[in-house]
Protein chains: 2
Amino acid sequence: MARGATAPLYQQIADELRTQITSRALRAGAQLPTELALADKHGVTRATARQAIGVLINEGLVVSSRPRGHFVRQVDRMIYRPQSEWRPQPASPEMDRFMEEQTSLGREPSQVIGVELVTPPDEVARRLDLDSDQTAVVRRRVRFIDGMPFNTNDSYYPMTLVEGSPIMYPADIPQGANQVLTELGAEQVRAIDEIEVRMPTPDEVHRLDLSAGVPVAVHRLTGYTHDGRPVRCTINVLPGDRHVILFERAKPAPEHETDSTTPGGEPHRVDGSLADRGTQ
Amino acid sequence: MARGATAPLYQQIADELRTQITSRALRAGAQLPTELALADKHGVTRATARQAIGVLINEGLVVSSRPRGHFVRQVDRMIYRPQSEWRPQPASPEMDRFMEEQTSLGREPSQVIGVELVTPPDEVARRLDLDSDQTAVVRRRVRFIDGMPFNTNDSYYPMTLVEGSPIMYPADIPQGANQVLTELGAEQVRAIDEIEVRMPTPDEVHRLDLSAGVPVAVHRLTGYTHDGRPVRCTINVLPGDRHVILFERAKPAPEHETDSTTPGGEPHRVDGSLADRGTQ
DNA sequence: CAGTGGTCTAGACCACTCG
DNA sequence: GAGTGGTCTAGACCACTGT
């Protein structure tokens with residue numbers, strides 16, 4: 001870079017537009033110059049102007065609203081709080097600050113799409129300790145807010161555990177699935193949350209109505225009973241432009257102190273039996 | 001879809017290649033057909049074949065290694081565990097299963113890039129309860145694994161708090177920054193983790209050597225003392241193809257039970273003073 | 001130096017929406 | 001019907017890497 005060589009034309013154009021967007025000269029929702037206007041202004045063909053806009057689209061800064069034009073993306077994220085299943089109210093006053101305003105706008109119940117009996121995908125079977133021939137019950141739903149798809153939510157339960165319970169039926173469970181598990185003698189008292197970040201699959205793009213340049217967070221939740229038996233595995237797909245994931249933590253009771261400045265500590269390579277490998 | 005209209009040619013080609021990749025007919029690391037070969041095979045021009053490959057690149061499935069060709073992306077994620085600052089060892093046996101193998105491969109200490117005095121960006125000032133004219137100390141680092149940049153880590157502290165302490169100097173802190181805070185009478189006992197997902201900025205692409213189609217998770221950690229004073233704000237940028245974020249949780253001591261099946265509960269719109277708004 | 005991908009031009013036609 | 005973006009062609013030249 002900057003070694004005498006000049007950047008490609010489309011990058012220069014993209015850089016100029018990006019600067020206008022990040023500096024708010026072009027505000028969220030504003031229309032960009034048309035491809036022809038951009039091409040004229042910079043003395044290039046429309047294809048090159050288009051390539052510049054394509055860069056910004058893939059960065060998630062710009063959306064195309066055909067055939068009206070290109071517009072600066074508007075983002076409006078909602079708080080997603082995995083801990084709310086056990087702690088509906090935040091435990092700390094600090095947490096309240098993150099949630100103090102407009103916490104109740106546009107709520108709609110999530111919609112149960114259906115219940116299926118399946119041989120679970122590998123990633124689920126491993127987490128539920130199921131053999132490849134054992135079946136699981138999956139409740140699939142898509143959550144909507146203001147009529148827009150917001151996230152998907154697939155909860156898997158071992159078939160042997162939930163057979164005959166309300167979990168098997170595609171209706172809302174008024175008392176909540178966790179309460180049903182407790183009544184089945186399999187109260188979920190611990191959980192592990194995994195969060196992975198990637199670009200969506202075409203199927204996810206379709207189900208969640210995602211536009212280009214929007215990554216997703218995949219939140220996998222595995223719930224365990226007191227004696228360490230996995231009883232449920234939930235896979236949530238959260239569009240990146242619609243969510244902030246929030247956790248709150250407290251320092252555990254002191255035994256021996258071990259501190260590190262860097263959160264995350266030393267990374268561990270994911271090669272174990274529970275890890276997903278290969279291409280995405 | 002499928003309403004008589006046929007998909008664009010480049011989409012058809014992209015679909016065919018994607019199927020080969022997800023079915024492992026084309027394995028991670030394998031080379032794709034050259035653009036010319038693809039064009040010939042499908043009777044289109046090179047530009048169209050190129051457009052098809054571009055789709056897969058932006059989905060993160062394919063990388064270009066110029067001028068050798070295009071290859072199926074190889075992903076290898078490491079575990080990132082925010083809780084390890086307080087709990088170096090997992091609390092539950094289930095957690096061990098996620099970390100049982102090759103936990104120590106390729107470790108290298110993170111590298112302290114520098115310490116600066118700055119007026120913190122808005123997102124940090126809000127979280128640290130600083131006025132816009134108060135300064136903060138920021139320790140910037142990039143973590144490397146096997147010589148590759150792995151994530152960035154910027155920790156901000158209120159200047160008035162850490163003045164004169166080892167936190168001000170760009171050397172490693174053997175006892176850890178948390179211990180220094182404790183010695184300063186500001187022990188961090190609670191924390192809030194925020195995780196946001198988006199495409200990287202050009203600067204992040206450069207610093208982390210990201211290729212196209214790789215989103216990032218932004219992990220913001222705010223640490224609080226016993227009396228609720230924020231004492232540090234860390235912003236980590238984690239490339240999506242290199243990390244899985246892991247949390248473990250236990251059900252809090254029972255008071256009144258309130259269960260919900262859906263983790264995340266009802267989303268809350270992020271409009272508060274701590275939220276970041278607008279474009280990305 | 002052969003072969004790859006990266007950039008760019010100069011056209012063309014289409015589908016859709018808005019006035 | 002005018003104007004927008006979406007798709008596609010048929011070329012051209014360049015930069016870089018491996019042999």
Side-chain angles (χ1 to χ4, degrees), chain A residues 1-17 26 29-59 61-73 202 205-206 209-213, chain B residues 1-17 26 29-59 61-73 202 205-206 209-213:
Chain A
M1 282 308 155
R3 200 183 292 264
T6 59
L9 294 175
Y10 77 92
Q11 280 291 358
Q12 297 178 34
I13 300 172
D15 288 347
E16 179 185 315
L17 288 172
L26 275 172
Q31 181 168 12
L32 269 61
T34 67
E35 298 177 350
L36 227 40
L38 264 186
D40 281 356
K41 176 181 174 191
H42 292 88
V44 297
T45 62
R46 196 187 137 211
T48 301
R50 215 176 135 63
Q51 199 176 0
I53 293 176
V55 169
L56 303 177
I57 288 177
N58 287 316
E59 288 176 2
L61 293 176
V62 165
V63 293
S64 161
S65 178
R66 181 191 179 195
R68 290 172 43 237
H70 290 109
F71 299 84
V72 180
R73 161 170 269 133
V205 168
H206 176 250
D209 194 23
L210 302 177
S211 49
Chain B
M1 279 306 161
R3 200 184 292 261
T6 60
L9 294 175
Y10 77 92
Q11 280 291 358
Q12 297 178 34
I13 301 171
D15 289 347
E16 179 184 314
L17 288 172
L26 274 173
Q31 181 168 13
L32 268 62
T34 67
E35 297 177 351
L36 226 41
L38 263 186
D40 280 356
K41 177 181 173 192
H42 292 86
V44 298
T45 62
R46 195 186 138 213
T48 301
R50 212 176 138 64
Q51 199 177 1
I53 293 176
V55 169
L56 303 177
I57 288 177
N58 286 317
E59 288 175 3
L61 293 176
V62 165
V63 293
S64 161
S65 178
R66 181 191 181 193
R68 290 172 43 237
H70 290 110
F71 299 84
V72 181
R73 162 169 270 133
V205 168
H206 176 249
D209 194 23
L210 302 177
S211 49

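These numbers come from the heavy atoms of this one structure, side chains and all, not from hydrogens, waters or symmetry mates.
A 4.0 Å heavy-atom criterion places the boundary nucleotides of DNA chain D facing chain A at D/dG3 to D/dT7, written 5' to 3'.
Backbone-only contact: A/Arg68 has heavy atoms under 4.0 Å from sugar-phosphate atoms and none from a base. In this structure, A/Leu9 reaches the sugar-phosphate backbone alone: every heavy-atom distance under 4.0 Å involves primed, P, OP1 or OP2 atoms, never a base.
Of the listed residues (B/Asp40, B/Leu38, B/Leu36), just one forms a side-chain contact (heavy atoms from CB on, under 4.5 Å) with B/Arg46, and that residue is B/Leu36.
At least one donor-acceptor pair under 3.5 Å links the side chain of A/Gln31 to the backbone N or O of A/Arg68.
Residues A/Glu59 and A/Leu56 are in side-chain contact: their nearest non-hydrogen atoms beyond the backbone lie under 4.5 Å apart.
Take the nearest nucleotide of DNA chain D for B/Ala47 and for A/Gln31: the residue whose nucleotide is more 5' is A/Gln31. Residues A/Thr48 and B/Arg46 both approach DNA chain C. Their nearest nucleotides, taken by heavy-atom distance, put B/Arg46 toward the 5′ side.
Rounding to the nearest 0.5 Å gives a distance of 10.0 Å between CG of A/Leu61 and CG of A/Leu17. Residue B/Thr6 holds its OG1 atom at 6.0 Å from CD of B/Gln12, rounded to the nearest 0.5 Å.
Residues A/Phe71 and A/Leu32 come closest through the heavy atom pair C-CD1, 4.0 Å.
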